[in-house]
Amino acid sequence: MTKAPDVLEPATLGPITLRNRILKAATFEGRTPGALVSDDLIEYHRAPAAGGVGMTTVAYCAVAPEGRTEGNQIWMRPEAVPGLRRLTDAVHAEGAAVSAQIGHAGPVANEKLTGYPALAPTRAFSPLSMRPIRTATLDDIERIRLAHGTAAELAIESGFDAVEIHFGHNYFASSFLSPKLNRRKDHYGGSLENRARLVRETARTVRETVGDRIAILAKLSMDDGVPGGFWIDEAIQVAKWLEEDGSLDAIELTIGSSLLNPMYLFKGAAPVHDFANVMPQPLKAGIHLAGGMFLREYPYEPLFMLEKARQIRDAVSMPLVLLGGVTDRAGMDTAMAEGFEFVAMARALLREPDLINRIAKESDTKSLCIHCNKCMPTIYTGARCVLVDPA
Ligand SMILES: Cc1cc2nc3c(=O)[nH]c(=O)nc-3n(C[C@H](O)[C@H](O)[C@H](O)COP(=O)(O)O)c2cc1C
Ligand code: SF4
């Protein structure tokens, strides 16, 4: 049996080399007034870079203005490039690499906040904007697929080392995978092969556009946590197809639906009232009253995605990133021993951006994150750990 790699040693990811195998996972920053990079956003990514991660992930860089979940979110366009270049320079100066999470929020996009109609594979109702969501036409699908290529090209111009295509959380591509959200009768709906067409075409478009100039990852949901939705057995097949297609350098595995079951992707306490408080009326009152139904609570445990991720690990040999409840050296070592090439960490690094350096010095360092999830509603006012910065 080959020895598991050391998570703190350098590793290749497609055409790039990272100083270690630890990625800062996407945590939408809420620091982009006017949909442009701010100094605050640069500091948000410089901190974990200085704190020892191999690569940080800027989230999120929408590929089209209507593909955003919030009106100030960046969408990839030439005006955003100079700011993004300052950000990538700052991260590189700390010795880390930097990835842009590119994607289209589809049904998770909030028409009320962006001013553009949200799009879904088939007509749906948004519990986020309390408005109907329009069915994507074939022209929309083509435009959004091509926009991923343009966004990746702009990411290269901005100095990114990688892009991470969002195929999770019932965003546009992931909503096509879901039999619950995708009831199309054309070649993008019905069989799994048809539902997976958009994901595969999008990955191919990005690869054809960027070649080997940067690394390409995808964040793929293994299941939505929604009855009648996308499930692990289908995810295994989709991962196999993505491996066969050869368009990706790695897959980061995730779960959950930001549209229909948001807490499933976090586990832990549901911050119902904190979430309600950042919403406009009448949503605020509704969430205070009945938000527990939307923000259902699930018990938290370390490495909470491992059991499903292991099934994907058994099915493909391409590089995989284990995410979900990775907070300490023991969890990282387990991920390596289980055959994952990388780990990704979100909340633990929001709590302590210097955690990796401290783990490197003292291997039994424990994270101070208590997975209260109160950082989740702060995405609207500047994502942060409320235990560090309650304001
Ligand atoms: C404040 C916050 C914002 C997030 N924003 C994004 C995002 O923009 N895109 C994404 O794919 N995941 C996002 N996530 C999910 C994380 O990337 C990750 O999947 C999840 O937190 C589980 O990992 P963890 O246990 O290491 O926190 C966010 C998580 C948090 C806490
Ligand atoms: S608010 Fe802080 S402690 Fe709570 S889950 Fe977020 S990062 Fe962890």
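Whatever order the structure lists them in is the order used to number ligands and atoms, beginning at 1. Heads up: numbering here begins at 1 and tracks the sequence. Keep in mind that the numbers below use all heavy atoms, side chains included, and drop hydrogens, waters and symmetry copies.
Within ligand 1, counting atoms from 1 as listed, the ones closer than 4.0 Å to a heavy atom of Ala25 are 17 (O). Here is the list of ligand 2 atoms found below 4.0 Å of a heavy atom in Arg347: 5 (S), 7 (S). Close contacts between ligand 1 and Cys375 involve ligand atoms 1 (C), 31 (C) [criterion: under 4.0 Å to a heavy atom]. If you number the atoms of ligand 2 from 1 as listed, the ones under 4.0 Å from a heavy atom of Asn373 come out as 4 (Fe), 5 (S). Using a 4.0 Å cut-off to heavy atoms of Cys385, the atoms of ligand 2 that qualify are 1 (S), 2 (Fe), 3 (S), 7 (S). Remark: ligand 2 atoms within the under-4.0 Å shell around heavy atoms of Val386 are 1 (S). Near Lys219, the atoms of ligand 1 lying under 4.0 angstrom from a non-hydrogen atom of the residue are 10 (C), 11 (O), 12 (N), 16 (C), 17 (O), 19 (O). Heavy-atom contacts of His166 reach the following atoms of ligand 1: 9 (N), 10 (C), 11 (O) (cutoff under 4.0 Å). Taking every non-hydrogen atom of Phe304 and a distance limit under 4.0 Å, the qualifying atoms of ligand 1 come out as 25 (O).
Using a distance-only test at 3.5 Å, with no hydrogens or angles considered, a donor-acceptor pair links the side chain of Arg195 to the main chain of Leu177. In terms of modelled atom types and a separation under 3.5 Å, the side chain of Asp40 and the main chain of Arg31 share no donor-acceptor contact. Using modelled atom types, one side-chain atom of Asn110 and one backbone atom of Lys112 make a donor-acceptor pair closer than 3.5 Å. Of the possible polar contacts, one joining the Arg313 side chain to the Gly339 backbone as a donor-acceptor pair under 3.5 Å is found. Remark: side-chain polar atoms of Asp354 are not paired, donor with acceptor, to backbone N or O of Gly51 under 3.5 angstrom. Remark: side-chain polar atoms of Arg204 are not paired, donor with acceptor, to backbone N or O of Thr202 under 3.5 angstrom. Checked by atom type and distance alone, the side chain of Gln73 pairs as donor or acceptor with a backbone atom of Thr69 at under 3.5 Å.
Nearest protein heavy-atom contact of atom 28 (C) of ligand 1 is Ala26 O, 3.5 Å. From the protein, the heavy atom lying nearest to atom 27 (O) of ligand 1 is Arg347 NE, 2.7 Å. Nearest protein heavy-atom neighbour of atom 6 (Fe) of ligand 2: Cys375 SG, 2.4 Å. Among all non-hydrogen protein atoms, the one lying nearest atom 26 (O) of ligand 1 is Ala346 N, 2.9 Å. Looking at atom 8 (Fe) of ligand 2, its nearest protein heavy atom turns out to be Cys369 SG, 2.4 Å. In terms of protein heavy-atom proximity, atom 23 (O) of ligand 1 is nearest to Leu323 CD1, 3.6 Å. The nearest heavy-atom contact from the protein to atom 5 (N) of ligand 1 is Phe28 N, 2.8 Å.
At a cut-off of 2.8 Å, His371 is not counted among the residues with an N, O or S atom near atom 8 (Fe) of ligand 2. Put simply, Cys372 gets within reach of atom 4 (Fe) of ligand 2, with an N, O or S atom under 2.8 Å from it.
For the residue pair Glu66 / Thr114, no side-chain donor-acceptor distance below 3.5 Å is found, with atom types taken as modelled. Under the 3.5 Å distance criterion, with hydrogens and angles disregarded, no donor-acceptor pair is assigned to the side chains of Asp224 and Ser257. A donor-acceptor pair shorter than 3.5 Å cannot be found between the side chains of Thr205 and His148. Residues Tyr44 and Thr56 bring no donor and acceptor atom of their side chains to less than 3.5 Å of each other.
Looking at Met345 against ligand 1, only its backbone comes within 4.0 Å, counting heavy atoms. Residue contacts with ligand 1, taken as heavy atom pairs separated by less than 4.0 Å, involve Leu265 via backbone and side-chain atoms alike. Residue contacts with ligand 1 for Ala59 involve side-chain atoms from C-beta outward but no N, CA, C or O (heavy atoms, distance under 4.0 Å). Contacts between Ile379 and ligand 1, counted as non-hydrogen atom pairs separated by less than 4.0 Å, involve the side chain only. In Ile370, the parts holding a heavy atom less than 4.0 Å from any atom of ligand 2 are both the side chain and the backbone.
For the pair Lys267 and Tyr300, the NZ or CZ position fails the cation-pi test of under 6.0 Å to the six-membered ring centre and within 45 degrees of the ring normal.
Checked against a 3.5 angstrom limit, the closest N/O atoms of Gln101 and ligand 1 fall inside it. Polar contact with ligand 1: absent for Thr254 (N/O pair, distance under 3.5 Å). The shortest N or O to N or O distance between Phe266 and ligand 1 is not under 3.5 Å. Considering backbone and side-chain N/O atoms, Met376 never comes within less than 3.5 Å of an N/O atom of ligand 1.
The shortest separation from a heavy atom of Gly325 to ligand 1 is under 4.0 Å, placing the residue in contact.
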Mind running side-chain hydrogen bond (donor to acceptor under 3.5 Å, both in side chains) on Glu297 and Tyr264 for me, showing each step along the way?
CA-CA 8 Å; Glu297 225 167 273; Tyr264 192 72; over 6 Å; no
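Across every non-hydrogen atom of Tyr171 and Ser258, the tightest pair is CE1-OG, 3.9 Å. Contact between Gly54 and Leu18 at its shortest, heavy atoms only, is O-CD2, 4.0 Å.
Note on ring orientation: taking the six-membered ring where Trp is involved, the planes of His166 and Tyr60 are perpendicular (angle over 60°, cut-offs 30° and 60°).
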